[in-house]
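Below is one structure, written out as structure tokens; comments come after it.
Since we're looking at a predicted model, the values are computed, not measured. Just so it is clear: chains get the letters A, B, ... in the order the sequence lines come, proteins before strands, and each one is counted from 1. Only this structure's heavy atoms are used, side chains among them; waters, hydrogens and symmetry mates stay out.
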Amino acid sequence: MIRIEGLSHAIGGSPILHDIDLTLPEGGVTALIGPNGAGKSTLLSLIARLQKIQAGRITVGGQEVGRTSDRDLARTLAVMAQSTHVSARLSVADLVSFGRYPWHRGRPGAIDRDHVEQALTRFDLLALRHRFLDEISGGQRQRAFVAMAYAQDTPYLLLDEPLNNLDIAAARDLMGLVRDMADRDGRTVVIVLHDINYATGFADRLVVLKDGRIAAQGQPAQIVTEALLRDVFGTSATVETLQGRPYVVV
Amino acid sequence: MPRRLIALALLLALSAAAYILIDLKGPVAFILPYRLTKLAALMLVGVAIAVATVLFQTITGNRILTPSLMGFDALYVFVLTALVHTLGSVGFSALSPGVLFALNLTAMTALGLVLFGVLMRLARGDMVRLVLTGIVIGLLIRAITEFLQRLIDPNEFQTVQSLSFARFTQIDGVLLAVSAVAVIVGTGLAWHLRHRLDVLSLGQEAATGLGEPPASLHRLALLTICLLVAAATSLAGPLSSGGFGPASFFGLIVTAFAHMVTPTHRHAILLPCAALIGGIILIGGQLVMERLLDLATPLTVVIELIGGAVFLYLLLKRRAA
Ligand SMILES: Nc1ncnc2c1ncn2[C@@H]1O[C@H](COP(=O)(O)OP(=O)(O)O)[C@@H](O)[C@H]1O
Ligand SMILES: [Mg+2]
């Protein structure tokens with residue numbers, strides 16, 4: 001369970017998040033949606049202690065962020081940030097291997113190698129394992145980063161817009177894999193998505209953020225309505241329901 | 001890649017042996033200790049600068065800026081000048097090499113931490129800004145040092161001059177020992193950090209996500225860098241002042257070669273590779289200039305020439321990021 005209490009955050013004097021209370025249950029996929037600049041990345045990076053918490057409290061699986069040692073938290077929670085900048089020239093296999101670092105601290109053993117092989121297989125990266133990150137497509141790159149987070153083998157997984165710049169096939173594949181991590185491995189996934197239809201199509205729960213406040217949360221069918229699109233996203237679009245899930249007609 | 005390290009180690013051993021043995025005639029009992037001392041000093045300086053440069057480039061995430069380009073070695077002259085300025089040349093001469101070294105190291109580390117903080121803040125993750133800011137800071141340190149030197153009495157200025165032009169020809173045994181200890185400790189620290197440094201290549205956020213927040217690692221690495229640069233500088237004179245030591249581009253050449261010989265992000269390979277190359281360039285270069293070509297041109301000049309070319313090359317081929 002991820003529990004957020006009274007979380008507020010400001011950058012350079014301007015408030016970004018306002019007194020957020022939010023509880024995300026164990027398991028399943030929660031999608032964080034909202035207009036650009038709503039504070040989704042900020043919220044995610046506070047949960048993942050990529051930024052220091054200014055006010056409020058966050059616990060992940062009972063461990064308080066900011067009080068738990070970095071090493072212990074890295075075995076509880078894996079994060080893929082929105083911008084991934086790698087300064088060294090790494091191969092796909094090198095990158096995925098880094099996911100095991102919290103467990104071996106530089107001295108990988110047989111278990112770690114197993115996990116890496118499994119991640120490469122599952123994310124269909126075996127054929128690319130020796131290619132460098134600057135030699136593969138954007139979709140393959142995103143997949144490699146998610147595979148690294150997967151190899152970290154943590155009960156909680158936070159992904160910030162992993163579908164950025166992906167074509168429809170790559171995006172659907174990746175969402176299928178994310179779904180699978182929740183269903184087969186029982187991991188708790190929190191994912192920021194900017195396309196509402198991917199959120200309604202793949203997530204169990206949605207949390208809608210607007211101007212640093214939670215505008216709505218619940219199952220996609222309950223909250224994705226034409227009123228929400230108008231009030232939160234400022235656009236008047238039609239919502240149709242297909243197989244029990246709402247989709248925005250764009 | 002371990003095979004390449006072995007090849008480098010052999011090459012280093014070969015140049016060291018050649019440096020000692022070629023033209024070994026005349027009063028051997030006098031020449032041999034002299035050559036051994038010089039060899040040890042070259043080796044220490046080569047390793048120290050190589051390791052410091054690798055660390056610095058890892059924590060700043062760039063392959064162009066080096067501690068020397070940023071004027072870390074100029075800090076040494078600055079501290080010396082400030083000491084002479086406050087103590088006077090008489091009081092200054094009363095300091096033992098050990099005390100002087102400790103003072104210098106403390107001051108350099110403190111100033112280095114401040115400068116690094118300023119650099120990282122001003123650069124804000126932009127490589128070009130990082131390099132430019134670093135070079136401007138270096139120029140600034142040198143300018144302030146020169147200004148201080150103008151302020152002090154000409155006699156005392158002489159003291160600073162003779163110290164900052166320290167050469168391998170007049171190496172103090174105590175200084176050599178102190179520097180050796182500092183270089184061994186610094187290299188050991190770097191080796192101890194090797195796995196943690198690997199993680200930094202993933203960038204700030206991913207490193208934090210893996211349980212390795214960069215801030216504390218940056219401080220440790222910086223301390224190591226200051227220790228190594230201080231040791232090398234106090235032994236061979238500030239690298240850029242025309243002393244016998246390597247030039248400001250030396251570290252840049254070393255890491256550029258190291259990345260060519262062993263293209264890897266792993267510091268377990270990169271650190272020994274750079275250290276070996278540092279030794280080879282200084283000892284081999286000295287061998288060629290002194291014994292084979294019989295040239296009076298200091299090695300520094302050659303290193304600056306090659307280094308300048310490497311610098312331009314790296315800057316131009318830099319992929320648009
Ligand atoms: N480093 C920063 N400096 C100043 N403002 C920032 C910074 N990072 C984010 N912001 C501001 O915080 C708000 C929320 O940003 P973010 O969490 O990235 O939104 P989202 O991910 O929902 O698009 C935006 O208005 C953005 O301009
Ligand atoms: Mg964002």
Is the shortest side-chain heavy-atom distance between [X] and [Y] below 4.5 Å?
| X | Y | result |
| --- | --- | --- |
| B:Ile49 | B:Val254 | no |
| B:His267 | B:Val54 | yes |
| B:Asn62 | B:Ile64 | yes |
| B:Ile277 | B:Leu8 | yes |
| B:Leu217 | B:Pro214 | no |
| B:Trp191 | B:Val51 | no |
| A:Phe145 | A:Leu159 | no |

Counting neighbours of CD1 on A:Ile111 that are heavy atoms of other residues, nucleotides or ligands and sit closer than 6.0 Å, is the number greater than 12?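 No, the 6.0 Å shell around CD1 holds no more than 12 heavy atoms from other groups.
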Considering residues, nucleotides and ligands other than A:Arg71, do more than 12 of their heavy atoms fall under 6.0 Å from its CZ?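 Counting other residues, nucleotides and ligands, CZ of A:Arg71 stays at 12 neighbours or fewer.
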Do you know which of [options] has the most heavy-atom pairs under 4.5 Å to chain A?
| options | result |
| --- | --- |
| B:Pro213, B:Gly203, B:Pro263, B:Ala206 | B:Pro213 |
| B:Leu200, B:Thr264, B:Asp198, B:Val199 | B:Val199 |
| B:Gln204, B:His265, B:His259 | B:His265 |

Contacting region of A:Met148 [heavy-atom separation from chain B under 4.5 Å]: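 Contact with chain B: side chain only.
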Non-hydrogen atoms of chain B under 4.5 Å away: do they reach the side chain of A:Arg49, the backbone, both or neither?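 Answer is both: backbone and side chain atoms of A:Arg49 are under 4.5 Å from chain B.
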Do [Y] and [X] meet the salt-bridge criterion of a basic N to acidic O distance under 4.0 Å?
| X | Y | answer |
| --- | --- | --- |
| A:Asp204 | A:Arg179 | yes |
| A:Arg129 | A:Asp94 | no |
| A:Asp112 | A:Arg107 | no |

Is there any residue in [range] with a non-hydrogen atom under 4.5 Å from a non-hydrogen atom of chain B, and which ones are they?
| range | value |
| --- | --- |
| residues 4-18 of chain A | none |
| residues 150-157 of chain A | A:Gln152 |
| residues 22-44 of chain A | none |

Heavy-atom pair count under 4.5 Å with chain B, highest-scoring of A:Leu158, A:Leu90, A:Val79: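 Highest number of pairs under 4.5 Å: A:Leu90.
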Checking A:Asn164 against A:Gln142 for the side chain to side chain contact (heavy atoms under 4.5 Å, CB included) test, could you report, in this order, the C-alpha distance in whole Å, the side-chain angles of both residues, the deciding distance, and whether it holds? CA-CA 8 Å; A:Asn164 253 353; A:Gln142 299 283 73; 3.9 Å; yes
Could you list all the salt bridge (Lys or Arg N to Asp or Glu O under 4.0 Å) pairs where at least one residue sits in residues 206-218 of chain B, not counting sequence neighbours?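 Output for this query lists A:Arg105-B:Glu212, B:Arg196-B:Glu212.
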Taking the inter-plane angle between the rings of A:Tyr101 and A:His104 on a 0 to 90° scale, is it parallel (under 30°), tilted (30 to 60°) or perpendicular (over 60°)?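 It falls in the perpendicular class, over 60°.
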B:Phe56/B:His218 aromatic ring centres below 6.0 Å: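 Centroid distance B:Phe56-B:His218: not below 6.0 Å, so no.
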